[in-house]
J.: 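Here it is, the structure, as structure tokens.
What you see is a predicted model; the values in this text were computed from it and never measured. Just so we're on the same page: letters track the sequence lines, and every chain starts at 1.
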2 protein chains.
Amino acid sequence: MRVGELSKRSGVPVPTIKYYLREGLLPAGVLTSPNQAHYDDEHLRRLRLVRALVDVGGLSIAGVRDVLAAVDTHDESLHNKLGAVQEAISHPGSGELDPLAVEDVQAFFERQGETECVDVTESNVTHMLASALSAARSVGHDQFRDLLDSYLEGLKIIAQADLDYVARHSSSDDIIEAMVVGTLIGDTVIKAVRRLAHAQVSREVLGGGPADPAS
Amino acid sequence: MRVGELSKRSGVPVPTIKYYLREGLLPAGVLTSPNQAHYDDEHLRRLRLVRALVDVGGLSIAGVRDVLAAVDTHDESLHNKLGAVQEAISHPGSGELDPLAVEDVQAFFERQGETECVDVTESNVTHMLASALSAARSVGHDQFRDLLDSYLEGLKIIAQADLDYVARHSSSDDIIEAMVVGTLIGDTVIKAVRRLAHAQVSREVLGGGPADPAS
């Protein structure tokens, strides 16, 4: 297909596609004449992945380049690639880490059968967890750590659904694109559905009755 | 206790306490002399709630005032108060709503036995859900709605743990403070633990082996 068709099928404007080409985020098309290049489904898939990283993930061009380098490493398993992309789209959180919150994370990992000592700052994901538990401790909620095991139990159900969704796609780029979209948009969906679940459980536990106008 | 002791026990600086007093977020203490007021545990609880709304919830002073008005309405059930506070600390999301995403939310509610038509923009929580599904649709992930039922299943486990945590507290202010902290800090904890659950499930499904260095 020509660049106009690529734009139409991807929803990405032609000038943006040209920008991605110049930045090396999209491989050049095959020249069919000095002024015309031909693109295929691989380009379309890659373009969707770049757009998901930029628009949904909020990554910089340099960040996208790093992710694509990880995706294109041939000797990595898909599991490892997904892990690398997940790191790139996760923020470690800010604020000082409370050493006791770091211990909470360690203890959580030990309960999961992790015997080696985890350096929480080595991964954005564990850093995010330690940051959040530090924030809870700073407002006197030391016991918030008690919720971690129940959270993991519920989130395993969600992670299984997420992986099933991702597995509907076949090419590596499509799988990773679905994971980026599913992880980031899923975070917001989960926030909303969690609040709906709160309302359901609260109604069951605290009452409010079926005639409750807020239900 | 005097204001200095209130500051020490709450972790809130004296000038901030005085600001909250002037803004009416904290009821005045009992004057024991023209220049000295006495505060009790009710003040301490209210101060913790205000701090949670401001520091963790990011609410404006006007927003805090609205929440406190809801909390202090005597003829409301705790269930309704929790619902009002949850609305106040939830953002509807931005971007245009896709009518098909709104239908997805409707269908989701119908599967939950909700027979009446839901106006998704009436609540920040349902608006947030419709916004996120609209964002998914805008990048071609119409099928993301298929995940909602599994999400709710996992989040009911989490909501039950959340409500158990909140029920450890006895006064209304403490319960609502725990809910604010638990809801908002919990959002980040859930983001992190979800990613850890992804890694676990991905390792099981896609392999990577126990010697996988990223595990």
J.: Return yes if some donor-acceptor pair links the side-chain N/O of A:Ser134 with the main-chain N/O of A:Leu97 below 3.5 Å, else return no.
T.: no

J.: Got a donor-acceptor contact below 3.5 angstrom from the B:Ser7 side chain to the B:Val3 backbone?
T.: no

J.: Which residue in the set A:Leu25, A:Asp41, A:Leu68 passes side chain to side chain contact (heavy atoms under 4.5 Å, CB included) when paired with A:Arg46?
T.: A:Leu68

J.: If we define contacts as heavy-atom pairs under 4.5 Å, which of B:Glu87, B:His127, B:Gln200 has the most with chain A?
T.: B:Gln200

J.: Side chain, backbone, both or neither: which part of B:Gln160 has a non-hydrogen atom closer than 4.5 Å to chain A?
T.: both

J.: For atom CZ of B:Arg2, decide whether the heavy atoms of other residues, nucleotides or ligands shown that lie under 6.0 angstrom number more than 12.
T.: no

J.: Looking at B:Asp55, B:Val125, B:Thr126, which has the largest count of heavy-atom pairs under 4.5 Å with chain A?
T.: B:Val125

J.: Please classify the contact between B:His169 and chain A as side chain, backbone, both or neither, with a heavy-atom cut-off of under 4.5 Å.
T.: side chain

J.: Heavy-atom distances under 4.5 Å only: say whether B:Leu129 touches chain A with side chain, backbone, both or neither.
T.: both

J.: Pick one of side chain, backbone, both or neither for B:Ala178, based on which atoms fall under 4.5 Å of a heavy atom in chain A.
T.: both

J.: Highest number of heavy-atom pairs under 4.5 Å with chain A: which of B:Arg194, B:His198, B:Arg51, B:Met179?
T.: B:Arg194

J.: For chain A, which residues from residues 106-113 of chain B have at least one heavy atom closer than 4.5 Å to it?
T.: B:Phe108, B:Phe109, B:Gln112

J.: Go through B:Val193, B:Val201, B:Ile158 and name the one with the most non-hydrogen pairs under 4.5 angstrom from chain A.
T.: B:Ile158

J.: Any idea which of A:Asp146, A:Val189, A:Leu133 has the most non-hydrogen atom pairs under 4.5 angstrom with chain B?
T.: A:Val189

J.: When only pairs under 4.5 Å are counted, which of A:Gly186, A:Gly83, A:Gly140, A:Ala199 shares the most heavy-atom pairs with chain B?
T.: A:Gly186

J.: Looking only at non-hydrogen atoms, find the nearest pair between A:Val67 and A:Ala88 and report the distance.
T.: CG2-CB, 3.4 Å

J.: Could you tell me whether a side-chain N or O of A:Asp40 sits under 3.5 Å from a main-chain N or O of A:His43, the two making a donor and an acceptor?
T.: yes

J.: Given heavy-atom pairs under 4.5 angstrom as the criterion, report whether the side chain, backbone, both or neither of B:Arg48 touches chain A.
T.: neither

J.: Relative to chain B, which of A:Ala135, A:Ala197, A:Ser131 shows the most heavy atom pairs under 4.5 Å?
T.: A:Ala197

J.: Is it the backbone or the side chain of B:Ser123 that comes under 4.5 Å from a heavy atom of chain A, or both, or neither?
T.: neither

J.: What part of B:Leu163 is in contact with chain A, defined as an atom under 4.5 angstrom from a non-hydrogen atom: side chain, backbone, both or neither?
T.: side chain

J.: Any idea how A:His141 and B:Tyr165 line up, ring-wise: parallel (<30°), tilted (30 to 60°), or perpendicular (>60°)?
T.: tilted

J.: If we define contacts as heavy-atom pairs under 4.5 Å, which of A:Thr183, A:Asp149, A:Leu78 has the most with chain B?
T.: A:Thr183

J.: Let me know if B:Leu82 has heavy atoms under 4.5 Å from chain A in its side chain, its backbone, both or neither.
T.: side chain

J.: Report the option among B:Ala161, B:Ala130, B:Gly182, B:Ser150 that has the most heavy-atom pairs separated by less than 4.5 Å from atoms of chain A.
T.: B:Gly182

J.: Among A:Leu44, A:Leu49, A:Val12, A:Ile17, exactly one meets side chain to side chain contact (heavy atoms under 4.5 Å, CB included) together with A:Leu26. Which residue is that?
T.: A:Ile17

J.: Is A:Ala52 close to chain B through its backbone or its side chain, or both, or neither, when contacts mean heavy atoms under 4.5 Å?
T.: neither

J.: A:Leu147 versus chain B, heavy atoms under 4.5 Å apart: side chain, backbone, both or neither?
T.: side chain

J.: Shorter than 4.5 Å, heavy atoms on both sides: which option in A:Ser138, A:Ser90, A:Gly11 has the most such pairs with chain B?
T.: A:Ser90

J.: Heavy-atom pairs under 4.5 Å with chain B are the metric here; pick the option from A:Glu122, A:Lys156, A:Met128, A:Glu153 that has the most.
T.: A:Met128

J.: Under 4.0 Å between a Lys/Arg side-chain N and an Asp/Glu carboxylate O for A:Arg137 and A:Asp104?
T.: yes

J.: In terms of heavy-atom proximity below 4.5 Å to chain A, should B:Val56 be classed as side chain, backbone, both, or neither?
T.: side chain

J.: Under the side-chain hydrogen bond (donor to acceptor under 3.5 Å, both in side chains) criterion, do A:Ser171 and A:Asp173 qualify, and how do the steps go?
T.: CA-CA 5 Å; A:Ser171 85; A:Asp173 271 23; 5.8 Å; no

J.: In terms of heavy-atom pairs under 4.5 Å, which option from B:Asn124, B:Leu184, B:Leu152, B:Asp164 contacts chain A the most?
T.: B:Leu152

